[in-house]
Amino acid sequence: MKKIMILALVSLLGSSIFAVGEKITLTDAKGREKTFDTISAALKGVKGSGEYKITLPKGTYNEILNYNGGAKITIVGDTDAAFGEDVVIAAENNGELKKGKSSDGKAIKDRCLFEFEGTGNLTLMNVTLHNTYVKKSNDEKNTQAEALGFDSTGNLAAYNCSFKSYQDTIRTVGKAWFYGCHIEGDVDFIWMEQTGKVALYENCRIRARYNPNVSSHTAYVCAPRTNMANLISKGIVILNSDISCDEGERTYLARTPWKEGYYSQVAYIGCTASGIDSGVWHKEPLTAKNTPRTVIGWKMDRATAKNLGLSVDGRDDVIDDETAKTEYGGRAAILNRTVSTSGIYKKESKPWNVAELAQKLGWNVAEDKSQL
């Protein structure tokens, strides 16, 4: 009876929930293990630039997380549930609360559920990151509330994970690959900093959420920005994914909240979608002078346009079939090939071998036929 009462009390309090005797395990590259009561403590146990794995038992972890360093960290939920739905990191944070503790004290980092800085790599498997902040009225300010802020110069990979919030759910820099993940939000909920190169969302489920507390119900899936340069990466690419919208939520595939100083770079390839506004994009992208939108700007392939019920005749945002195949046909080409403002594509000098990563971790991913 006493054991039952304790478990019931833990459930009601919503604190970290574990099976009896289970703890978080930190494993280093030599197989040495340490156990911890919190994820924050496990992250503090990461030293230097080595490789570490943090294994999370099923449960809910009410923590705001920060890491700043050079290690290669893999966080794994001990589950095979879809989108890591029963290994949940959940807490409330936003630009007003600023509960995070970033290295430089910037509000954009302190508002995240999980802020990852430094030079290290982060890999997430079978976990849910849920920033539980919900806007209560139209009058609230600083309502950005990332579930994940990735500010490292390293690489980010996520597999079978969920990322939940409303405004600005995921923010990335550098390179990122999300495979088989669930992402939800409303305003700019997949976005990229100007130092971002490419963020690939492949075989993902993307949902525009309806917030009943507010009177404005317009969602923007992507808000990418990249530095203005003669040679840039692919930006945000949504590949072979499904986009859905809650009833009553007017939804656009992308917008730019910035007036100048950046390029807008996003592509939807092989996607299915329902409930998208007939205008598809909100206003116009920031692009290079005399450069087609299919090179730098907002774009889609013919398959996505057809799924949206659009005629491609006369449109300036539909990629030709050959470019869609060679430059957007798979993760290797998307993540590792750049394009100039004159429309010349080429391989990067130091490509990211995600095929090696997926094989090492045993990920069940679709065959990639693209070439560098």
Side-chain angles (χ1 to χ4, degrees), residues 9-19 22-24 26 36-46 54-68 73 75-79 81 83-117 122 124-136 140-152 156 158 161-172 178 181-191 207 209 211 213:
L9 179 60
V10 170
S11 297
L12 287 171
L13 291 174
S15 58
S16 296
I17 303 171
F18 310 99
E22 288 190 302
K23 288 197 172 189
I24 296 164
L26 174 67
F36 299 88
D37 292 324
T38 66
I39 306 171
S40 296
L43 286 170
K44 288 180 180 178
V46 171
I54 298 174
T55 304
L56 307 180
K58 294 178 183 178
T60 300
Y61 304 83
N62 300 126
E63 300 185 55
I64 302 290
L65 303 177
N66 296 88
Y67 174 79
N68 182 22
I73 301 175
I75 299 178
V76 182
D78 188 12
T79 182
F83 308 117
E85 63 183 5
D86 53 4
V87 181
V88 182
I89 305 167
E92 181 184 51
N93 200 11
N94 69 2
E96 198 70 28
L97 296 170
K98 293 184 287 189
K99 294 179 180 179
K101 295 180 181 179
S102 61
S103 62
D104 52 15
K106 290 185 177 179
I108 197 171
K109 299 177 181 178
D110 289 341
R111 71 194 187 195
C112 304
L113 172 71
F114 186 7
E115 169 62 26
F116 193 95
E117 301 178 86
L122 174 63
L124 301 171
M125 297 173 54
N126 310 331
V127 296
T128 291
L129 272 60
H130 185 189
N131 191 327
T132 59
Y133 165 73
V134 181
K135 189 175 180 180
K136 308 301 188 299
E140 287 192 46
K141 298 180 180 180
N142 300 318
T143 55
Q144 298 96 328
E146 283 89 347
L148 176 63
F150 184 77
D151 287 286
S152 173
L156 164 66
C161 293
S162 294
F163 302 89
K164 300 180 179 182
S165 186
Y166 278 93
Q167 186 172 353
D168 293 9
T169 303
I170 296 176
R171 173 174 52 80
T172 62
F178 298 80
C181 293
H182 172 90
I183 303 104
E184 62 181 52
D186 54 12
V187 176
D188 308 335
F189 62 97
I190 295 175
W191 75 288
R207 170 196 168 202
R209 298 179 68 183
N211 182 354
N213 298 332

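We use all heavy atoms of the structure for the numbers below, so side chains are in, but hydrogens, waters and symmetry mates are not.
Here the CD1 atom belonging to Ile89 is positioned 7.0 Å from the CG atom belonging to Leu113, to the nearest 0.5 angstrom. A distance of 9.0 Å separates CG of Leu129 from OG of Ser162, quoted to the nearest 0.5 Å. To the nearest 0.5 Å, atoms OG1 (Thr172) and CZ (Phe150) are separated by 8.5 Å. Here CG of Asn126 is found 10.0 Å from CG of Leu56. Values are rounded to the nearest 0.5 Å. Interatomic distance, Phe83 CZ to Cys181 SG, rounded to the nearest 0.5 Å: 8.0 Å. Atoms CD1 and NZ, on Ile64 and Lys101 in that order, are 11.0 Å from each other to the nearest 0.5 Å.
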- Task: Just do the side-chain contact (heavy atoms from CB on, under 4.5 Å) check on Val46 and Leu26 with the steps written out, would you?
- Result: CA-CA 8 Å; Val46 171; Leu26 174 67; 4.0 Å; yes
- Steps toward side-chain contact (heavy atoms from CB on, under 4.5 Å) verdict (Val127, Phe114): CA-CA 12 Å; Val127 296; Phe114 186 7; over 6 Å; no
- Where do Leu43 and Ile73 land on the side-chain contact (heavy atoms from CB on, under 4.5 Å) test, with the steps shown first? CA-CA 9 Å; Leu43 286 170; Ile73 301 175; 4.2 Å; yes
- Task: Go through the steps for Leu122 and Leu148 under the test side-chain contact (heavy atoms from CB on, under 4.5 Å), then give the verdict.
- Result: CA-CA 11 Å; Leu122 174 63; Leu148 176 63; 4.3 Å; yes
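No side-chain donor-acceptor contact under 3.5 Å links Asn66 to the backbone of Gly100. With Thr132 contributing its side chain and Ala90 its backbone, the two residues share no donor-acceptor pair below 3.5 Å. No donor-acceptor distance shorter than 3.5 angstrom exists from the side chain of Thr55 to the backbone of Val76, with no hydrogens or angles considered. Between the side chain of Asn93 and the backbone N or O of Cys112 there is at least one donor-acceptor pair closer than 3.5 Å. A donor-acceptor pair is defined here as one N or O able to donate and one able to accept, closer than 3.5 Å; such a pair exists between the side chain of Glu140 and the backbone of Lys136. Judged by distance alone, the side chain of Ser152 and the main-chain N or O of Phe116 form no donor-acceptor pair under 3.5 Å.
The minimum heavy-atom distance linking Asp186 with Phe189 is given by the pair O-CD2, 3.2 Å. When all heavy atoms of Asp78 and Val87 are compared, the closest pair comes out as N-CG2, 4.1 Å. Closest non-hydrogen pair, Ser165 versus Ala145, comes out as OG-O, 2.6 Å.
With sequence neighbours excluded, no residue satisfies ring-ring contact (aromatic ring centres under 6.0 Å, His included) with His130. Contacts of Tyr133 classified as ring-ring contact (aromatic ring centres under 6.0 Å, His included), with partners at least two apart in sequence or in another chain: none. With sequence neighbours excluded, the residues satisfying side-chain contact (heavy atoms from CB on, under 4.5 Å) with Ala107 are Lys98. Residues passing the salt bridge (charged side-chain N to carboxylate O under 4.0 Å, His left out) test with Arg207, sequence neighbours excluded: Glu184, Asp246. Considering only residues two or more places apart in sequence or on other chains, Ser40 meets the side chain to side chain donor-acceptor pair (under 3.5 Å) condition with Glu63.
When each of Thr143, Asn131, Asn211, Asp188 is checked for a side-chain hydrogen bond (donor to acceptor under 3.5 Å, both in side chains) with Gln167, only Thr143 meets the rule. Considering Thr38, Ile24, Val88, Thr128 as possible partners of Tyr61, the one that fulfils the side-chain contact (heavy atoms from CB on, under 4.5 Å) test is Ile24.
The pair Asp37-Lys23 counts as a salt bridge, with a side-chain nitrogen and a carboxylate oxygen less than 4.0 angstrom apart.
Using cut-offs of 30° and 60° for the angle between ring planes, the Phe163 and Phe178 rings count as perpendicular.
Screening residues 106-117 for side-chain hydrogen bond (donor to acceptor under 3.5 Å, both in side chains), with sequence neighbours left out, gives Ser102-Asp110, Ser103-Glu117, Asp104-Lys109, Lys109-Glu117, Arg111-Glu146, Arg111-Asp168, Glu115-Arg171.
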